[in-house]
Amino acid sequence: MSSPVRERIMGRSPDRHRAGVWMYDATTIESKWQDYWDRNRTNQPDLDAAESPFYNLMMFPYPSAEGLHVGNMYAFTGADFHGRFQRLRGNDVFQPIGFDAFGIHSENHALKLNVHPMKLIPSNIANFTRQLKSTGIMYDWSHTVDTTDPEYYRWTQWIFLKLYEAGLAVKKEAPVNWCPSCKTVLANEQVIAGECERCGTLVTQRMLSQWFFRITEYTDRLLANLDTIDWSETTLTAQRNWIGRSEGAALRFPVEGADPIEVFTTRPDTVFGATFMVLAPEHPVVDLVTVPDQRDAVERYRRESAALDLKERQKTDARTKSGVFTGAYATNPATGEPVPIWIADYVLMDYGTGAIMAVPAHDQRDFEFAGEHDLPVVPVVIPADADVSAPPAGEPDLAAAYTEHTENEVLINSGDFSGAPATEAAGRIVDWLAQRELAEATVTYRLHDWCISRQRYWGPPIPIIYCDDCGPVPVPEDQLPVVLPYVEDFKPGDDGVAPLAKDRSFYQVDCPTCGGSARRETDVSDTFLDSSWYFLRYPSADLSDGPIDAERTERWLPVNAYIGGEEHAVLHLLYSRFITMVLHDLGHLGFEEPYRRFRKHGLLIRNGSKMSKSRGNVVNPDDYIERFGADTFRTYLMFLGPYEEGGDFRDEAILGPHRFLSRAVDAVETAVEAGSEGFPDPAVERALHQAIRQVTDDFARLSFNTAIAALMELLNELRGGGRVPTLDEVRPFVVMLGPIAPHAAEELWELLGGAPSMFDAATWPEWDADKLITDTVEVPVQVNGKLRATVTAVRGASEEDLRQAALSEEGVRRHVEGSEIIKTVHVPDRLLNLVVRTSEG
RNA sequence: GCCGGGGUGGCGAAAUGGCAGACGCGAGGGACUUAAAAUCCCUUUGGAGUUACCUCCAGUGCGGGUUCGAAUCCCGCCCCCGGCACCA
């Protein structure tokens, strides 16, 4: 009762009944070990000499003013379980953290609070740091990254210059997504269903001169390399879909007064059914071909569609497709027939060639358009089993004309190709047209170049100077960083001019080349550029004369394990792959894929929807950590459900993990008091080895909920029937508890006489296959696949022995009597199934 | 509409071709206690029959199929969640 051991751990304090539940003194233990780790640099691997480096990365947070929320912590805790597991397995684990603190997100928040981001961000970071340190996550705080630190973004700017030198950063006038509320350009990836990702405002289109990274130069590699990296399958699929490779053909439709109009199609086999063409309203050919009579109507339509915001343009009822005839005709390259040229806003200028051949019989949208504007519909593909000899004639039946593309189709109404299978005809038609230079096989991608210009304040200035005489001049490397100046009025203007354009002392400079008067670029770069290389910086965060140290990078990268949210599957994860590839090609990196392994974690659900700030259902972890301790909260979060699928946050369930840890402490304390050693009980020893096998496998595949369940089961076994476990029994248990509840595990490890820190001293237990084997096994016996009995048999018992044992069971006999056993299925030591047929039946 | 992930007790879940519901929450009962809390023990899918014990039937969103055997594999639906969306 009052043994020194108990005094020591529990302190016999009134605190033992916290949260209405008995518990060990988590507060004291957790601060004790956090101090210990800090003082002894426990979490700082030797970056220059580690022999078994393991880079365990998690997605760094944006430090919001609300602080760390449980969703962040869920992500980090899973990654920490994995990192600590790797550490106990003998690896030198580098697990850094940082802050993605630039960007519209932060800036908007500063605007809302009316606090300058240069004041707000540091205090947010301080708060995040405090919270993160309370979670017991194994961060190396000596190598953090803050993207707003000039010593960091100096190298972000350096990367821009490298791309510029390589011709991969170009300025071009382009229609861009414009958010009227955020007053800035958005990348396609930031437009969600026609709305701004940040504020939900409807996005409009504008023409602006912008800096683009030519990521489209890398599409093939970005796609092909996906087959070589070990990532969550769903993430790979998301990236493949985003890159959006589609194979097809470019077909040219000759037209008078202009070059032939090129279209892209994935179905060249349907070209005989192309009865009209549709161009995007902005398409340059429109000006050349529109007949005088139609000019007014065309101009009006163009103005109308330009004024529509994206959302409006997209949600237009599909059955009322607007459009205007240009009065001009092109020639269908296959039929030689004239086809009318229309413009319509359902054709997008920035996909394919901005023009389509319309095949109304076989495309839903073209069909609707034809119906709306009374255009001819000619079916050219029918199922192979349909009646080819009787093609539809006379008035086209619009409702019937539309057919889905299916396998086993053949062509009709297609000249010499009629009767040919559609898939095969596609290639032949392209070849046939190619002979007359009217077609070629091509590939089109959905992926666009990456617009990195932002007409905002809170980002790294783009390091370019415009000189009247020399043109755009890159800022010389030795003049980096181009420091973001303090600007009192950092609000964006709605004229598309960045806040920095109001600061003459910033933009007025001499040309670095000719010395003449020049003007700095006043746009800043996209936040995704900041985060596209942060993981490269971590190991070299203490380096000031370069972005990365070659030797350290060689030792630690590529990243061994990256864990993060699926929401970044197509943004950050694509951009960072691209930047890594470019730096590789420019000779700065020895690898071209940044993350060897990526696993997405699931979403935390609360009240039926995902936990996010925009849904207002976020939970702050501070209260839980204070009431139950970080160890309990960590265990609870990972016990909710499968880590890769997410979980339902219901806090009443936290008592389970809480009791588990309290019982674990109690078990080790009683073991130390009793002081017994060895493995006196074979059943318990077997349970221990089973648990080691299960927990080891589960940690390796991030199945944390089942790993915790296995340890709970083991603990129940160790304490079953009031049993006092031995020291040898609890030792491996404590080690396996390490990744889950590191503070408690350290305390118990020390109590067991181990040298701190356990993460240096302890080794992960091994399971012994011999110890798992029992002399006898319980074999389920089925009759016709239904369980009828379980028989105890010696391991490796023969089918005949099992059969005899089974037939002596009352429950089996009842179902076999009066029937004939026609077959026996025997899975050694696992199952016996007797298949019977009723004799009288 | 398209892509991805799901649907199993009152709840979170486990089991990936071989004993469905491990582990935990909640609930009910009991022990301890003056009492409460905490702790410990038992019960907990539904139905039926026998009530020491146990037996039978049904059951993993719905309908089919493959198999000696299906939550798991195949086909066709329905519903929920997340993402994308006139992508030619």
Side-chain angles (χ1 to χ4, degrees), chain A residues 16-17 20-23 189 191-194 232-235 237-238 240-242 244 246 248 263-267 270 278 313-316 318 321 344-348 350-359 363-366 368-369 444-446 566-567 569-570 600 602-603 605 608-610 636 639-642 644-657 659-660 662-663 666 694 703 705-713 715-716 719 721-722 778-790 810-811 814 822-827 830-836:
Chain A
R16 285 175 57 189
H17 289 79
V21 187
W22 178 91
M23 82 172 289
E189 289 85 341
V191 180
I192 309 297
S232 292
E233 200 52 48
T234 55
T235 313
T237 304
R240 286 194 188 102
N241 290 346
W242 190 262
S246 51
V263 302
F264 173 74
T265 178
T266 53
R267 292 295 305 265
T270 63
V278 185
R313 193 163 159 173
Q314 283 169 5
K315 84 180 175 197
T316 307
K321 283 204 158 22
D345 61 11
Y346 80 91
V347 176
L348 311 174
D350 58 4
Y351 183 76
T353 61
I356 63 161
M357 66 173 201
V359 184
D363 181 278
Q364 178 86 49
R365 296 153 308 168
D366 296 346
E368 286 155 4
F369 191 82
T444 294
Y445 298 92
R446 210 185 94 113
E566 182 77 338
E567 70 272 22
V570 294
K600 59 123 195 185
L603 294 172
I605 303 293
S609 57
K610 79 166 186 179
Y636 164 66
F639 191 58
L640 281 175
E644 292 181 78
E645 280 162 41
D648 195 355
F649 188 90
R650 298 167 314 124
D651 60 6
E652 68 263 32
I654 198 171
L655 288 175
R659 289 182 188 129
F660 164 62
S662 297
R663 281 195 283 260
D666 183 68
Q694 172 97 42
S703 182
N705 57 330
T706 52
I708 293 166
L711 284 179
M712 287 174 167
E713 224 170 332
L715 185 61
N716 291 344
R719 310 169 74 237
E778 299 284 310
V779 179
V781 178
Q782 299 178 337
V783 178
N784 284 350
K786 279 196 190 336
L787 180 74
R788 296 303 177 186
T790 308
E810 169 64 30
R814 191 173 24 231
I822 56 172
K823 187 177 176 181
T824 307
V825 179
H826 178 227
V827 184
R830 295 285 299 279
L831 175 101
L832 185 75
N833 186 15
L834 305 172
V835 185
V836 303

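This structure is a prediction, so every number in the text was calculated from the model and none was measured. Order of the sequence lines fixes the chain letters, A, B, ..., with proteins taken first and strands second; residue numbering starts at 1 for each chain.
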Asks: Taking the same atom, C1', in rG82(B) and in rU55(B), what whole-Å distance lies between them?
Replies: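 So the two C1' atoms sit 47 Å from each other.
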
Asks: Which nucleotide in the set rC87(B), rG24(B), rG26(B) lies at the smallest distance from any side-chain heavy atom of Pro657(A)?
Replies: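 Nearest nucleotide to the side chain: rG24(B).
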
Asks: How would nucleotides 64-71 of chain B be written as a contact map, 5' to 3', with B for base contact, S for sugar-phosphate-only contact and - for no contact, using protein heavy atoms under 4.0 Å?
Replies: ----BS--

Asks: Among the candidates rA14(B), rC86(B), rG24(B), find the nucleotide nearest to the side-chain atoms of Arg663(A).
Replies: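 Per side-chain heavy atoms of Arg663(A), the pick is rG24(B).
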
Asks: Going by the rule side-chain hydrogen bond (donor to acceptor under 3.5 Å, both in side chains), which residues pair with Thr790(A) if we only count those two or more places apart in sequence or in a different chain?
Replies: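 Per chain and number, Thr790(A) pairs via side-chain hydrogen bond (donor to acceptor under 3.5 Å, both in side chains) with no residue.
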
Asks: Could you give me the stems involving RNA chain B, meaning stretches of three or more consecutive Watson-Crick or G-U wobble pairs whose two defining distances are both below 3.5 Å?
Replies: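 As far as RNA chain B goes, consecutive pairing (with distances under 3.5 Å) yields the stems B:1-7 with B:78-84, B:10-12 with B:23-25, B:26-31 with B:39-44, B:45-49 with B:54-58, B:61-65 with B:73-77.
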
Asks: What is the distance, to the nearest angstrom, from the CE atom on Met712(A) to the C1' atom on rA14(B)?
Replies: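 So the CE-C1' distance, Met712(A) to rA14(B), works out to 13 Å.
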
Asks: From the options rC23(B), rC19(B), rC3(B), select the nucleotide whose nearest atom is closest to the side chain of Glu713(A).
Replies: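 The answer is rC23(B).
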
Asks: Using the P atom as the reference point in each nucleotide, state the distance between rC19(B) and rC25(B) in Å, no decimals.
Replies: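 Each nucleotide's P atom is 26 Å from the other's.
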
Asks: Whole-Å distance between rA88(B) P and Glu368(A) CD?
Replies: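 Roughly 16 Å, once rounded to whole Å.
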
Asks: Strictly below 4.0 Å, N to O, side chains only: are Arg719(A) and Asp666(A) in salt-bridge contact?
Replies: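 A salt bridge links Arg719(A) with Asp666(A).
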
Asks: Based on the glycosidic angle (syn within 90° of 0, else anti), state the conformation of rG7(B).
Replies: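 Anti conformation here, the glycosidic angle of rG7(B) being more than 90° from 0.
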
Asks: Atom CZ of Arg650(A) and atom P of rG10(B): how far apart are they, to the nearest Å?
Replies: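 Between P of rG10(B) and CZ of Arg650(A): 14 Å.
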
Asks: Calculate the interatomic distance between Lys600(A) atom NZ and rG82(B) atom P; express it in whole Å.
Replies: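 Rounded to whole Å, this separation is 14 Å.
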
Asks: Between rG21(B) atom C1' and Leu787(A) atom CG, what is the distance in whole Å?
Replies: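 To the nearest whole Å, that distance equals 15 Å.
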
Asks: In terms of side-chain heavy atoms of Arg788(A), which of rC57(B), rG5(B), rC3(B) is nearest?
Replies: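 Output: rC57(B).
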
Asks: Check every strand shown and say whether Asp366(A) touches a base, only sugar-phosphate, or nothing at a heavy-atom separation below 4.0 Å.
Replies: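 Asp366(A): no heavy atom of the nucleic acid under 4.0 Å.
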
Asks: Restricting to side-chain hydrogen bond (donor to acceptor under 3.5 Å, both in side chains), what partner residues turn up for Ser246(A), sequence neighbours left out?
Replies: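 Expected list: Tyr351(A).
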
Asks: Where the side chain of Ile356(A) is concerned, which of rA14(B), rC19(B), rA88(B) is the nearest nucleotide?
Replies: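 Nearest nucleotide to the side chain: rA88(B).
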
Asks: Could you work out, with side-chain hydrogen bond (donor to acceptor under 3.5 Å, both in side chains) as the rule, every residue matching Thr444(A), not counting sequence neighbours?
Replies: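 Result, side-chain hydrogen bond (donor to acceptor under 3.5 Å, both in side chains) vs Thr444(A): none returned.
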
Asks: Is there side-chain contact between Tyr346(A) and Ile356(A), with at least one heavy-atom pair below 4.5 Å?
Replies: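 Yes, close enough: below the 4.5 Å cut-off.
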
Asks: Restricting to ring pair (Phe, Tyr, Trp, His ring centres under 6.0 Å), what partner residues turn up for Tyr636(A), sequence neighbours left out?
Replies: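 Ring pair (Phe, Tyr, Trp, His ring centres under 6.0 Å) list for Tyr636(A), sorted by chain: Phe649(A).
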
Asks: Between rG24(B), rA58(B), rC19(B), spot the one nearest the side chain of Glu778(A), thanks.
Replies: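 Taking heavy atoms from C-beta onward, the closest nucleotide is rC19(B).
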
Asks: Expressed as a whole number of Å, how far does the P atom of rG30(B) sit from that of rG24(B)?
Replies: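 Those two atoms are separated by 23 Å.
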
Asks: Please determine whether a side-chain nitrogen or oxygen atom of Arg365(A) lies at a distance below 4.0 Å from atom OP1 or OP2 of rC87(B).
Replies: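 Yes, such a contact exists.
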
Asks: Phosphate oxygens OP1/OP2 of rU39(B): is one of them under 4.0 Å from a side-chain N or O of Arg659(A)?
Replies: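 True: Arg659(A) side-chain N/O within range (under 4.0 Å) of rU39(B) OP1/OP2.
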
Asks: So Leu640(A), base contact, sugar-phosphate only, or nothing? Heavy-atom distance under 4.0 Å.
Replies: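 Leu640(A): backbone/sugar contact only, no base atoms under 4.0 Å.
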
Asks: Return the value, rounded to whole Å, for the distance between atom CD1 of Ile654(A) and atom C1' of rC25(B).
Replies: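 Checked: the CD1 to C1' distance equals 12 Å.
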
Asks: Rounded to whole Å, how long is the line connecting atom CZ of Phe639(A) with atom C1' of rA22(B)?
Replies: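 Between C1' of rA22(B) and CZ of Phe639(A): 10 Å.
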
Asks: Quantified in whole Å, what is the P atom distance between nucleotide rU60(B) and nucleotide rU43(B)?
Replies: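 Rounded to whole Å, the distance is 26 Å.
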
Asks: How many Å lie between CD on Glu645(A) and P on rG7(B), as a whole number?
Replies: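 Glu645(A) atom CD is separated from rG7(B) atom P by 7 Å.
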
Asks: Pick base, sugar-phosphate or nothing for Arg240(A), based on heavy-atom distances below 4.0 Å to the nucleic acid.
Replies: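 Nothing, no heavy atom under 4.0 Å.
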
Asks: Does a nitrogen or oxygen in the side chain of Asn716(A) sit under 4.0 Å from OP1 or OP2 of rG24(B)?
Replies: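 For rG24(B), OP1 or OP2 has a side-chain N or O of Asn716(A) closer than 4.0 Å.
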
